[in-house]
Amino acid sequence: MDNKYNHVDPKTIEKLFKICGKGNVIYEKELLENYACDESNKLLCHAPEIVVKPKNAEQVSKIMELANESLIPVTPRGAGSGIAGAAIPIFGGILLSLERMNKIIEIDRVNRVAIVEPGVITNDLCKKVSEEGLFYAGYPMSVGASSIGGNVATNAGGGKVIKYGNTRKHILGLEVVLPTGEILEIGGKFRKSTWGYDLLNLLIGSEGTLGIFTKIVVNLIPLPGMTVDLLAPFRNIEEAVSAFTNSIISSKSVPVSVEFMDKVSVDATTSYLNTNLPLQNEAEAYLLITVEGDTKEKLEDLYEKVGTTLLQMGALDVFIADNKTNSEKIWLVRREILEGLKFKDPNVCAGGDVVVPVSEIPVIVDAIRRISRSCNVTPAIVGHIGDGNLHPALFKPDGITVEEWLRLSEEILSKIVDVAVKLGGVGSGEHGVGIEKRSLFLRSKSQVEIKLMRGIKQLFDPNWILNPGKVL
Ligand SMILES: Cc1cc2nc3c(=O)[nH]c(=O)nc-3n(C[C@H](O)[C@H](O)[C@H](O)COP(=O)(O)OP(=O)(O)OC[C@H]3O[C@@H](n4cnc5c(N)ncnc54)[C@H](O)[C@@H]3O)c2cc1C
């Protein structure tokens, strides 16, 4: 990738001080390192030349005008929890952190929407709206760390997509600053529109390459009923898949979550957390299923039906977590898997995230294991199995350097993505393309599609200054 961009010079620094206030600009080398990485592979880290922390859309707009005139790259950053390297400023330049834009501006009960700034932490929004009897259904596993702006930019998925859909389903409107500095309002407090091209959905999932979100209108629903979690260990993945697909039909209900953890990831995470899950010695695969019901009776009826089907289809047992403590113990293992894998191997490559039709899950799992083992690499597999979305993680074998490992893990992931595409899926369901999967992405799309996408990018960002080197 060519670096055609200019550096941040002293004059630009002075102008940025004027726009944001000197206290909201970071240019000290040692502090810039704090913005060099996200949660992707540490070998990809690259520090920006300067960090700016604007407080409102007007400041963001002035920064973009300045960067556009001066041909300086700008990388937007939410909470930096991304796993695809999309918030890493690979060309240096300006890192635009949305961390100070973190207000919940309004919770509107009549229209069932909230208007928030992008830097609000997802879980803070969930908690705040629940005090009003309302529910924001976005739930990435990073819910306590990620920002809502980052969720919109990556079209984040997570643990409730099977029932409630991914972030795209929960966004009604955006205020966006374009790379040229223009401020655009799209959508609003309404739920339908046949009023021209759908720019809202184009911007959602654009990984900070088309515009910077400065205000977000999110859809809220009434707080749903009670939930119960079922933990079901299985001898193999095939039984687990046919058990949960059958349980959906037999119980006539789509669960809130169907999560999958294999033995390798459970063993790594329970030893990291110093805990255990039932039947850990026998189980090769665990399903974590959350069901929801309006009343206690309906909920009991539902989890009994689901549990019975799971047992009939081969579950070694079904453990019911019907109180907060038990539930949290299981969900903690699921949420902390990334940390557990890093605990086992700090060089673990955990950015993979493929989607296939649910019926093809056993095939892709088999392919992940076969491809990895043929390179002497042990894989761990977890994921939102209800959506056909799996996260393969790869442990670095002994005897190779980290640079060699970067190349080898990319080669393995590339083969896995090829299989996923052949099975009718795609190379990422939620983590995005970023820099990690850019070459895989470009290879997996037709020339016509890439031409259209480049044309769109050119229109939004004539100088390609916004988050360059990502996606396209
Ligand atoms: C332990 C763990 C679990 C995770 N689980 C999930 C999961 O279940 N589902 C899932 O989808 N992801 C998951 N992730 C990945 C990550 O949390 C999501 O991608 C999240 O949406 C990123 O949000 P962020 O605020 O950290 O964004 P960042 O990492 O800061 O940025 C991500 C992208 O968004 C862009 N961006 C950020 N803010 C804005 C803005 N205001 N305007 C325009 N562009 C912006 C950035 O430029 C970048 O391209 C997980 C990560 C971790 C570490």
Side-chain angles (χ1 to χ4, degrees), residues 35 37-40 48 54 57 60 64 73-90 94-102 116-125 138-161 166-168 171 174-179 203-216 257 259 269 331-332 334-342 350-353 355 382-384 387 389-391 393 428-436 438 460-461 466-471:
Y35 295 84
C37 307
D38 58 7
E39 290 295 329
S40 61
V60 176
M64 293 314 303
V74 176
T75 306
R77 179 180 173 105
S81 73
I83 316 189
I88 296 179
I90 51 169
I94 300 172
L95 187 133
L96 194 152
S97 169
L98 280 311
E99 67 198 273
R100 288 174 69 231
M101 295 181 64
N102 59 358
V116 300
E117 289 186 330
V120 170
I121 297 301
T122 317
N123 210 27
D124 293 347
L125 173 65
Y139 188 77
M141 296 294 112
S142 52
V143 66
S146 66
S147 74
I148 189 82
N151 293 169
V152 178
T154 55
N155 186 24
K160 293 181 180 170
V161 173
N166 51 12
T167 301
R168 173 164 281 132
I171 303 304
L174 290 172
E175 177 186 77
V176 190
V177 178
L178 298 182
L203 285 155
I204 297 169
S206 60
E207 298 187 55
T209 63
L210 297 181
I212 299 174
F213 315 139
T214 45
K215 232 177 256 169
I216 300 164
S257 306
E259 296 292 308
T269 313
W331 272 103
L332 187 67
R334 173 62 190 94
R335 280 199 308 269
E336 290 294 314
I337 279 179
L338 189 56
E339 290 309 313
L341 299 175
K342 284 185 191 165
D353 146 39
V355 185
V382 296
H384 315 296
D387 316 322
N389 185 196
L390 292 177
H391 303 319
S428 174
E430 51 180 33
H431 294 165
V433 178
I435 34 178
E436 281 222 8
R438 181 175 170 270
F460 273 77
D461 185 8
L466 191 60
N467 215 358
K470 315 296 166 51
V471 186

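Whatever order the structure lists ligands and atoms in, that order sets their numbers, starting from 1.
Of the protein's heavy atoms, S147 OG, 2.6 Å lies nearest to atom 25 (O) of ligand 1. Shortest contact from atom 14 (N) of ligand 1 to any protein heavy atom: S142 OG, 3.6 Å. Atom 37 (C) of ligand 1 has as its closest protein heavy atom G78 N, 3.5 Å. Shortest contact from atom 24 (P) of ligand 1 to any protein heavy atom: A79 N, 3.5 Å. Here the protein heavy atom with the shortest distance to atom 27 (O) of ligand 1 is G150 CA, 3.5 Å. Taking atom 49 (O) of ligand 1 as the reference point, the nearest protein heavy-atom neighbour is E207 O, 3.0 Å. In terms of protein heavy-atom proximity, atom 31 (O) of ligand 1 is closest to A87 CB, 3.7 Å. Counting protein heavy atoms only, atom 33 (C) of ligand 1 is closest to T154 CG2, 3.9 Å.
The option from A153, S428, S81, P76 that lies nearest to atom 51 (C) of ligand 1, judged by heavy atoms, is S81. Of the options G159, G157, S206, the smallest heavy-atom separation from atom 11 (O) of ligand 1 is shown by G157. Here atom 8 (O) of ligand 1 lies nearest to M141 when heavy atoms of R335, E99, M141 are compared.
Any N or O atom pair closer than 3.5 Å counts here, and F213 shares at least one such pair with ligand 1. Checked by distance only, ligand 1 and G80 come closer than 3.5 Å through their nitrogen or oxygen atoms. Looking at R77 next to ligand 1, no N or O pair under 3.5 Å apart turns up. For ligand 1, the polar-atom distance check against I212 finds no nitrogen or oxygen pair separated by under 3.5 Å. Considering backbone and side-chain N/O atoms, E430 comes within less than 3.5 Å of an N/O atom of ligand 1. Considering both main-chain and side-chain atoms, S146 never comes within under 3.5 Å of ligand 1 through any nitrogen or oxygen pair.
The distance from atom CG of D461 to atom CE of M64, rounded to the nearest 0.5 Å, is 7.0 Å. Atom CZ of F460 sits about 9.0 Å away from atom OG1 of T209, to the nearest 0.5 Å. Taking CD of E207 as the start and CG of L466 as the end, the distance is 12.0 Å to the nearest 0.5 Å.
Of all the heavy atoms of N467, the ones lying under 4.0 Å from any atom of ligand 1 belong exclusively to the side chain. At a heavy-atom cutoff of 4.0 Å, ligand 1 is contacted by the side chain of H431 but not by its backbone. Neither the backbone nor the side chain of E339 has any atom closer than 4.0 Å to an atom of ligand 1 (non-hydrogen atoms only). When non-hydrogen atoms are compared, ligand 1 lies under 4.0 Å from the backbone of P140 as well as from its side chain.
Every atom of ligand 1 with a heavy atom of G82 under 4.0 Å away is listed here by number and element: 16 (C), 26 (O), 29 (O). Near G158, with a cut-off below 4.0 Å to any heavy atom, the atoms of ligand 1 are 8 (O), 9 (N). Residue-ligand proximity, H384 to ligand 1, at heavy-atom distances under 4.0 Å covers atoms 8 (O). Applying the 4.0 Å criterion to heavy atoms of G211 picks out, from ligand 1, the atoms 43 (C). In summary, the atoms of ligand 1 found under 4.0 Å from a heavy atom of A156, numbered by their order in the structure, are 11 (O), 21 (O).
Between N467 and P76, some side-chain heavy-atom pair lies under the 4.5 Å cut-off. Put simply, the side chain of I83 does not reach to within 4.5 Å of the side chain of E436, judged on heavy atoms.
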side-chain contact (heavy atoms from CB on, under 4.5 Å) between H384 and H391, worked out:
CA-CA 8 Å; H384 315 296; H391 303 319; 3.5 Å; yes
Report the C-alpha distance between I88 and S40 in whole Å, list the side-chain angles of each, state the deciding distance to 0.1 Å, and finish with yes or no for side-chain contact (heavy atoms from CB on, under 4.5 Å).
CA-CA 9 Å; I88 296 179; S40 61; 3.7 Å; yes
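Salt-bridge check for R335 with E259: failed, with every basic side-chain N at 4.0 Å or more from each acidic carboxylate O.
Under a 4.0 Å heavy-atom criterion, N151 is in contact with ligand 1. Note on ligand 1: L98 sits in its first shell, one or more heavy atoms being nearer than 4.0 Å. Within the structure, ligand 1 lacks K470 among the residues with a heavy atom less than 4.0 angstrom away.
Y139 and W331 have perpendicular rings, their planes meeting at more than 60° on a 0 to 90° scale where under 30° would count as parallel.
Across all non-hydrogen atoms, the minimal contact from T167 to A156 is OG1-O, 2.7 Å.
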